[in-house]
> 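Shown below is the structure under consideration.
All values derive from a computational prediction rather than experimental measurement. The first residue in the sequence is number 1, and the count goes up from there.
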Amino acid sequence: MAMFGTETLNLKNFEELNKQVEDVIPSLIKSLTDSDKKASLTITLNFNLYKDSESTIEVTTSVKPSFPSRKRKIIASRDLEGNLSADVYDLGMKNVPAAPVQMQLVEGSN
């Protein structure tokens with residue numbers, strides 16, 4: 001096994017990790033829509049001793065972005081089989097025509 005040289009490990013040496021971070025930062029920044037929202041980026045380095053080795057360490061890296069959440073509450077109904085249904089307006093589907101029974105109820109309320 002040929003060795004081409006070694007470097008002391010530090011964050012500067014993780015070029016692929018740095019590229020992942022550079023790639024995700026713009027999308028995190030674009031996701032901020034107001035001052036109440038926040039985004040974050042978690043960088044994890046895991047170190048595991050290789051089996052049957054006193055000197056070999058496996059280093060695993062990960063980048064996990066956390067985008068601002070968008071919370072919304074709707075009221076849904078369940079049937080006897082456990083299926084859920086909700087009003088199309090609650091689901092944000094305002095362009096969906098109402099069912100004929102709903103149309104009659106709306107027209108009759110004038």
Side-chain angles (χ1 to χ4, degrees):
M1 181 165 131
M3 296 214 25
F4 296 102
T6 61
E7 290 283 330
T8 301
L9 272 181
N10 59 43
L11 288 178
K12 292 178 186 178
N13 296 343
F14 286 94
E15 292 178 6
E16 185 177 321
L17 179 65
N18 190 45
K19 178 70 174 131
Q20 289 175 335
V21 170
E22 286 178 344
D23 289 346
V24 78
I25 285 177
S27 60
L28 285 170
I29 300 306
K30 287 179 185 176
S31 72
L32 299 172
T33 56
D34 61 56
S35 62
D36 293 334
K37 303 284 184 192
K38 73 176 178 180
S40 64
L41 181 65
T42 303
I43 300 168
T44 304
L45 301 170
N46 289 316
F47 304 92
N48 295 325
L49 191 59
Y50 234 56
K51 286 184 180 181
D52 301 325
S53 176
E54 293 293 322
S55 62
T56 305
I57 308 293
E58 179 182 54
V59 182
T60 307
T61 64
S62 67
V63 174
K64 181 182 176 187
S66 179
F67 294 91
S69 62
R70 294 183 177 104
K71 295 181 182 179
R72 185 160 183 231
K73 186 188 301 187
I74 62 170
I75 304 299
S77 301
R78 67 177 175 173
D79 63 16
L80 294 175
E81 295 176 4
N83 299 311
L84 287 177
S85 61
D87 186 271
V88 293
Y89 289 100
D90 288 343
L91 294 172
M93 302 167 66
K94 296 178 180 154
N95 295 331
V96 176
V101 174
Q102 289 176 329
M103 290 293 283
Q104 291 171 357
L105 292 174
V106 172
E107 290 171 1
S109 64
N110 288 339

> Check whether any side-chain heavy atom of Ile29 sits under 4.5 Å from a side-chain heavy atom of Pro26, and report yes or no.
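The answer is no; the side chains never approach within 4.5 Å.
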
> Would you call Asp79 and Leu84 a side-chain contact if the rule is heavy atoms closer than 4.5 Å?
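The answer is no; the side chains never approach within 4.5 Å.
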
> For residues Ala39 and Pro68, report the shortest heavy-atom separation together with the two atoms involved.
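That would be CB-CD, 4.0 Å.
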
> To the nearest 0.5 angstrom, please state how far the CG atom of Asn13 sits from the OG1 atom of Thr6.
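Those atoms lie 10.5 Å apart.
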
> Check the surroundings of atom CG in Asp52: do more than 12 heavy atoms from other residues, nucleotides or ligands lie under 6.0 Å from it?
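Counting neighbours around CG of Asp52, 12 or fewer heavy atoms of other residues, nucleotides or ligands fall under 6.0 Å, so no.
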
> Just by distance, do the side chain of Ser53 and the backbone of Tyr50 share a donor-acceptor pair under 3.5 Å?
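Not confirmed, Ser53 side chain does not pair with Tyr50 backbone.
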
> Please give me the minimum heavy-atom distance between Leu49 and Thr56, naming the atom from each residue.
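Taking Leu49 first and Thr56 second, the nearest heavy atoms are CD1-O, 3.6 Å.
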
> List the atom of Lys37, the atom of Leu32, and the distance in Å for their closest heavy-atom pair.
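Answer, listing the atom of Lys37 first, then Leu32: O-CD2, 3.8 Å.
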
> Which value, rounded to the nearest 0.5 Å, describes the distance between Ile25 atom CD1 and Gln20 atom CD?
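Ile25 CD1 to Gln20 CD: 12.0 Å, rounded to 0.5 Å.
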
> Under 3.5 Å, which donor-acceptor pairs link side chains of residues 59-67 to any protein atom two or more places apart or in another chain?
none

> Under a single-linkage definition using a 4.5 Å side-chain heavy-atom cutoff for Ile, Leu, Val, Met, Phe, Trp and Tyr, are Ile43 and Ile57 assigned to the same hydrophobic cluster?
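Yes, same cluster.
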
> Is there a side chain to side chain contact (heavy atoms under 4.5 Å, CB included) between Asn18 and Glu22? Walk through the geometry before answering.
CA-CA 6 Å; Asn18 190 45; Glu22 286 178 344; 3.6 Å; yes

